[in-house]
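Data first, discussion second: the structure below is written as structure tokens.
Just so it is clear: chains get the letters A, B, ... in the order the sequence lines come, proteins before strands, and each one is counted from 1. As the structure is a prediction and not an experimental result, all values here were calculated from the model.
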Number of protein chains: 2
Amino acid sequence: MRISTRGEYGVRAMLDLALHSAEEPVPLSAIAARQDISEHYLEQLISALRKAGLVVSFRGAQGGYQLAKPPEEITISEIIRTLEGPIAPMHCVEGAHADCHHVELCATRMLWQKLQASMEEVLSKTTLAWLKDEAKKILATAAIQR
Amino acid sequence: MRISTRGEYGVRAMLDLALHSAEEPVPLSAIAARQDISEHYLEQLISALRKAGLVVSFRGAQGGYQLAKPPEEITISEIIRTLEGPIAPMHCVEGAHADCHHVELCATRMLWQKLQASMEEVLSKTTLAWLKDEAKKILATAAIQR
DNA sequence: ACAATTCCGACCAAATTCCTCGGAATTGGT
DNA sequence: ACCAATTCCGAGGAATTTGGTCGGAATTGT
């Protein structure tokens, strides 16, 4: 019942872009260093995010990555879905499956649907912009305390 | 982001008990046959459920399993937790961990906390009794249509 | 030309999942 | 007293997933 490192790193990388790529593209190495993630591994993840249209890339020197849309329009749901697959606690609620063989199984399916809906609710309603704001707040209070 | 077969089978087995073990204990073989689950594998799962105090067992001939409490008092949350471990989408929201090293990481932690809370909400508020009722409803409408 | 960078596909070790197997212990029925 | 039905226990193991690594080709600003 865990989100794997793909989703975890992906969200952190996207937040990193939200915080640092407003002006110029950010090279992978910078994200990897700040977030303490293996560069090669992160490359795989960001490649998927690019193909999903969540980031844009610029090749060559001074190249790097930027968010493809304003952070208000990028939801965590999108990020998780591209990196972890469908947000479904059970295969029977993944897409248009209706292959319930047992009666009891169908009853449990309703349970998994409720669970899925509540997860999707949270993930689709929180955006990168929200995360960015939270991160800035934390940074601000940390600065005061120092 | 999936619940594994441990959780899936566990919930189905518990529902099976809720439906069939009111009078006499139900042998493992009966549950396994009805639910189409490997008997040996199910044995492991139900052993964990017994140790967690969710089912009681009777050894020897005519033995089997029964729910340890009325189905109103057994939540899906309990079942999932005993079979899958803590309901936490991320290790950082599992118990009293506060090991956020990066500022950004702490912001994402709030996200995972929200997600965890919404999952726990659903799983702790739906009981075996609810599942049992749903299963009976489905069974009833299926009987009419036949 | 060169250095910085993305892009791509193959490969691989460790962990986890999903079981299987064999047998010991217990208990009701005859 | 025996037997059949059943739970209980621990070891083992194949398949899948996870979490990477590696090497090099392609692109582009300076």
Side-chain angles (χ1 to χ4, degrees), chain A residues 1-13 17 20-21 23-33 35-68 80 83-86 88-91, chain B residues 1-13 17 20-21 24-33 35-68 80 82-86 88-91:
Chain A
M1 212 42 203
R2 287 260 187 80
I3 286 178
S4 74
T5 55
R6 290 178 65 85
E8 178 188 353
Y9 293 173
V11 170
R12 275 164 55 195
L17 283 180
H20 301 110
S21 80
E23 319 289 320
E24 299 168 330
V26 172
L28 193 69
S29 55
I31 308 176
Q35 300 296 326
D36 194 28
I37 298 174
S38 148
E39 209 171 316
H40 276 294
Y41 186 40
L42 186 56
E43 196 186 313
Q44 285 183 27
L45 308 183
I46 210 155
S47 167
L49 292 169
R50 179 178 52 83
K51 284 169 187 164
L54 297 178
V55 303
V56 288
S57 63
F58 301 91
R59 303 185 71 171
Q62 269 65 44
Y65 298 91
Q66 279 180 325
L67 297 181
I80 296 294
L83 294 174
E84 304 253 341
M90 197 69 68
H91 45 269
Chain B
M1 211 43 202
R2 287 260 187 79
I3 286 180
S4 75
T5 55
R6 288 178 66 86
E8 179 188 352
Y9 294 173
V11 170
R12 275 163 57 194
L17 284 180
H20 301 112
S21 79
E24 299 168 332
V26 172
L28 193 70
S29 56
I31 307 176
Q35 300 296 327
D36 194 28
I37 298 173
S38 149
E39 209 171 317
H40 274 295
Y41 187 40
L42 186 56
E43 196 187 313
Q44 285 183 24
L45 308 182
I46 210 156
S47 166
L49 293 169
R50 178 178 54 83
K51 284 169 186 163
L54 297 179
V55 303
V56 289
S57 63
F58 301 92
R59 304 184 71 169
Q62 270 67 43
Y65 297 91
Q66 279 180 325
L67 297 181
I80 297 293
T82 63
L83 294 175
E84 304 253 343
M90 196 69 67
H91 47 268

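Side-chain atoms of A:Thr5 do not come within 3.5 Å of backbone N or O of A:Glu8 as any donor-acceptor pair. Looking only at distances, a side-chain donor or acceptor of A:Gln66 sits under 3.5 Å from a matching main-chain atom of A:Glu23. One N or O on the side chain of A:Arg12 and one on the backbone of A:Gln35 form a donor-acceptor pair closer than 3.5 Å.
Put simply, OH on B:Tyr9 is 9 Å from C1' on C:dC19, counting in whole angstrom units. One can place NE2 of A:His91 at 14 Å from C1' of C:dT17, the figure rounded to the nearest angstrom. One interatomic measurement links the two molecules: CD of A:Glu43 to P of C:dC8, which rounds to 10 Å at whole-angstrom precision. Atom CD in B:Glu24 sits roughly 13 Å away from atom C1' in C:dG28 (whole-Å rounding). One atom, CG of B:Leu45, and another, C1' of C:dC19, lie 10 Å apart when rounded to the nearest Å.
Summary of the strand contacts: A:Met1 and A:Val26 both lie near DNA chain C, and taking for each the nucleotide with the nearest heavy atom, the more 5' one is attributed to A:Val26. Both A:His40 and A:Ser4 lie close to DNA chain D; mapped to their nearest nucleotides by heavy-atom distance, the more 5′-ward contact belongs to A:Ser4.
With a 4.5 Å cut-off on side-chain heavy atoms, A:Val55 and A:Leu17 count as touching. Annotation: side chain of A:Arg6 is in contact with side chain of A:Gln44 (closest heavy-atom distance under 4.5 Å). Counting only heavy atoms from C-beta outward, the side chains of B:Ser57 and B:Tyr65 approach each other to under 4.5 Å. Under the 4.5 Å side-chain criterion, counting only non-hydrogen atoms from C-beta, B:Val56 is not in contact with B:Arg50.
Nucleic acid contact for A:Ile46: none, since no nucleic acid atom lies under 4.0 Å from a heavy atom of the residue. Residue B:Ser47 is classed as having no contact, given no heavy-atom separation below 4.0 Å to the nucleic acid.
The side chain to side chain contact (heavy atoms under 4.5 Å, CB included) test with B:Leu83 singles out one residue from B:Leu54, B:Leu49, B:Ile46, and that residue is B:Leu49.
Across all their heavy atoms, B:Glu84 and A:Met1 have their closest contact at OE1-N, 4.0 Å.
Interface remark: the B:Gln44 side chain does form a donor-acceptor pair with the C:dT20 base, using a distance-only criterion of under 3.5 Å.
Interface residues of residues 50-61 of chain B facing DNA chain C, ordered by number: B:Arg59, B:Gly60, B:Ala61; criterion, heavy-atom separation under 4.0 Å.
Close approach of DNA chain D to chain B, defined as any atom under 4.0 Å from a non-hydrogen atom of the protein, starts and stops at D:dA5 to D:dA11.
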